[in-house]
Amino acid sequence: MTETAAPASTRLRAGVVGLGWAGRQHLAAYASQADVDLVALAGMESDQLAELGEAYGITAEHRFADWHDLVDARAVDVLSIAAPTMLHAPIAVAALEAGIHVLSEKPMAENARVAQTMVDAAHRHSRVLEVSFNHRRRGDVQVLKQLIDAGLLGHVYYAKAGWLRREGIPGMGSWFTRRATSGGGPMMDIGVHMLDMALHLLGEPLVTTATAATYAEFGPFGRGAAAYGLGRKSEVTADDFDVEDLATAFLRLDGGGTLLLESSWAQWIPYDQCYVAVYGSEGGATIEWGGEPGEPYRRLGIWTEKDGVPAELKPVVPPDGQHLETVVRFLGAVRSGAFADHDGSEALVRAKVVDACYASAGQQREVAVEHAGRRPGAVR
Ligand SMILES: NC(=O)c1ccc[n+]([C@@H]2O[C@H](COP(=O)([O-])OP(=O)(O)OC[C@H]3O[C@@H](n4cnc5c(N)ncnc54)[C@H](O)[C@@H]3O)[C@@H](O)[C@H]2O)c1
């Protein structure tokens, strides 16, 4: 791959596709960067396109209803994709072909085969391809990662992670709840964040097999809708919801470790609950957050022992990075010139695991995760 770095001092022209919650995070992040000019925006909601265009000083000729026109305008160096999942790959491949560095929202694509085309395009055109896993930029995840890497928990062999919502089906009846446009339900949407966080904390072990199950006991009956999401419908028909609303998975890791994963858009629980817990030979740790809107909680607990005495550690947690840090790191990768280190291959691994989970759920048996083409050295 030929690598041509943008010199660190070069200003970068940025664009965003998508005007929903995700697109707005990327817009705010680019706008906060002194060495970035936010110059282009695409989205189909004409009123919001005009409003956001005005707010961010994007000229009318660089506001587009369709992403093709943004890419064809050749006006940007870097592009964030915050559009429906089935558009991630077409937009990314077209942008990479046009020489544009790409930061795509998660999940990478509707399946791993399509995600692979994005990685291939990044290699072919020697450009950065990153996927926005902003939750790993939480302060508690960063501090726990640092402590695990320093050996505080010893050999970590078991983890469990989950994101369960009380009533949180996004965009009920929109692209979110149709497999053809989203690729899947909560496993694809929020489970992938928890999978990313867990694998990141565990040091990228290879997931060898998946045993999973999926259920849909809320969405098909019009229950469990979140009060947000562009294009959501108040009445849904069977055609509007053909994904799961609960997914559970048991993942085997290379070296004998295991990871339990659950994700749900709607469940009979008192409030939204998110957690990732890791257990090692010398200690264990749990990050949790959730709660009622008016009574949120977030906790990081680390339990170990000191000189034979059971002990709890209370590390000072740095501020959350989330989307801002994701965008800043993406810009850093573009400026570094080390494009081959940022080719989307880590996100592709997540897509392969999610594919295996859906295959396992469909076949009702354990399924091997396909890892052909994984770069050596990425596994600790
Ligand atoms: N990382 C996170 O925390 C996070 C949170 C929410 C959503 N997401 C991801 O971001 C993506 C978008 O999610 P959202 O909730 O913002 O969705 P949304 O439905 O609210 O917004 C989608 C946007 O894409 C635009 N779009 C659709 N087709 C287009 C086209 N042909 N040309 C130009 N624009 C087009 C729509 O007009 C809309 O503005 C999804 O992949 C989702 O999984 C990530």
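We number each residue from 1, following the sequence as shown. Numbering of ligands and ligand atoms starts at 1, following listing order.
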*Start with the C-alpha gap between Arg252 and Glu366, add the side-chain angles, then the distance that decides, and say whether salt bridge (Lys or Arg N to Asp or Glu O under 4.0 Å) holds.*
CA-CA 10 Å; Arg252 289 186 189 281; Glu366 189 168 66; 3.0 Å; yes
*Trace of the salt bridge (Lys or Arg N to Asp or Glu O under 4.0 Å) decision for Arg13 with Asp37*: CA-CA 5 Å; Arg13 300 166 302 161; Asp37 297 314; over 6 Å; no
*asked:* Set out, in order, the CA-CA distance, both residues' side-chain angles and the distance that settles salt bridge (Lys or Arg N to Asp or Glu O under 4.0 Å) for Lys314 and Glu312, then state yes or no.
replied: CA-CA 7 Å; Lys314 292 276 179 208; Glu312 185 174 355; 3.2 Å; yes
*asked:* Pair Arg298, Asp140 - check side chain to side chain contact (heavy atoms under 4.5 Å, CB included), show working.
replied: CA-CA 9 Å; Arg298 58 181 294 172; Asp140 43 20; 3.1 Å; yes
*For the pair Trp303 and Tyr279, evaluate ring-ring contact (aromatic ring centres under 6.0 Å, His included) and give the outcome as yes or no after the intermediate values.*
CA-CA 10 Å; Trp303 299 275; Tyr279 304 97; 8.9 Å; no
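The shortest heavy-atom distance from Gly171 to ligand 1 is not under 4.0 Å. The closest approach between Phe64 and ligand 1 stays at or above 4.0 Å for every heavy atom of the residue. The closest approach between any non-hydrogen atom of His323 and ligand 1 is below 4.0 Å. A heavy-atom separation below 4.0 Å is found between His193 and ligand 1. Not a single heavy atom of Ser104 sits closer than 4.0 Å to an atom of ligand 1. Residue Pro107 places a heavy atom under 4.0 Å from ligand 1. The closest approach between Gln25 and ligand 1 stays at or above 4.0 Å for every heavy atom of the residue.
In terms of protein heavy-atom proximity, atom 4 (C) of ligand 1 is nearest to Glu105 OE1, 3.8 Å. Protein heavy atom closest to atom 34 (N) of ligand 1, with residue, atom name and distance, is Gly43 CA, 3.5 Å. Protein heavy atom nearest atom 1 (N) of ligand 1, with residue, atom name and distance: Asn134 OD1, 2.7 Å. Atom 32 (N) of ligand 1 has Trp67 N, 3.1 Å as its closest protein atom, hydrogens excluded (heavy atom only). For atom 12 (C) of ligand 1, the closest non-hydrogen atom on the protein side is Ala82 O, 3.3 Å. The protein non-hydrogen atom at the shortest distance from atom 43 (O) of ligand 1 is Lys106 O, 2.9 Å. Among all protein heavy atoms, the one lying closest to atom 13 (O) of ligand 1 is Trp175 CZ2, 3.8 Å. Looking only at heavy atoms of the protein, atom 24 (O) of ligand 1 is closest to Pro84 CD, 3.4 Å.
Around CD of Glu295, the count of heavy atoms belonging to other residues, nucleotides or ligands within 6.0 Å does not exceed 12. Within 6.0 Å of atom CZ in Arg223, more than 12 heavy atoms from other residues, nucleotides or ligands are found, so the atom counts as buried in its surroundings. Counting heavy atoms of neighbouring residues, nucleotides and ligands inside a 6.0 Å radius, atom CD of Glu97 exceeds 12 of them. Crowding of Gln48 atom CD: a count of heavy atoms from other residues, nucleotides or ligands under 6.0 Å exceeding 12.
When each atom of ligand 1 is checked for a heavy atom of Thr85 under 4.0 Å away, the hits are 41 (O). Close contacts of ligand 1 with Gly20, meaning ligand atoms under 4.0 Å from a residue heavy atom, involve 16 (O), 20 (O), 21 (O), 39 (O). Distances below 4.0 Å separate heavy atoms of Val17 from the following atoms of ligand 1: 33 (C), 34 (N). Atoms of ligand 1 found under 4.0 Å from any heavy atom of Gly18 (numbered from 1 in listed order, with element): 23 (C), 24 (O), 39 (O). Counting the atoms of ligand 1 from 1 in the order shown, those under 4.0 Å from a heavy atom of Ala65 are 32 (N), 33 (C).
Contacts of His88 with ligand 1, taken as heavy-atom pairs under 4.0 Å, involve the side chain alone. Proximity of Ser174 to ligand 1, defined as any heavy-atom pair under 4.0 Å, is not found for any part of the residue. Here Phe176 has side-chain heavy atoms under 4.0 Å from ligand 1, and that is the only part of it that gets that close.
No side-chain N or O of Gln363 forms a donor-acceptor pair with one of Tyr358 less than 3.5 Å apart. For the 3.5 Å distance criterion, the side chains of Asp196 and His135 fail to qualify, holding no donor opposite an acceptor. Side-chain polar atoms of Thr237 and Asp239 form no donor-acceptor pair below 3.5 angstrom. Side-chain contact annotation: Gln322 with Gln25, donor-acceptor N/O pair under 3.5 Å absent.
Looking at ligand 1, you'll find an N or O of Ala22 within less than 3.5 Å of one of its N or O atoms. The N/O atoms of Leu19, backbone and side chain alike, include one that comes under 3.5 Å of an N/O atom in ligand 1. Where the criterion is an N or O separation shorter than 3.5 Å, residue side chain and backbone included, Met44 meets it with respect to ligand 1. Inclusion of Glu45 in the set of residues having an N or O under 3.5 Å from an N or O of ligand 1 is warranted.
Taking the six-membered ring where the residue is Trp, His26 and His323 present perpendicular rings, their angle passing 60° and hence far from 30°.
Pairs passing the ring pair (Phe, Tyr, Trp, His ring centres under 6.0 Å) check and including a residue from residues 36-78, sequence neighbours excluded, do not occur.
Counting heavy atoms from C-beta on, the side chains of Pro107 and Met188 come closer than 4.5 Å.
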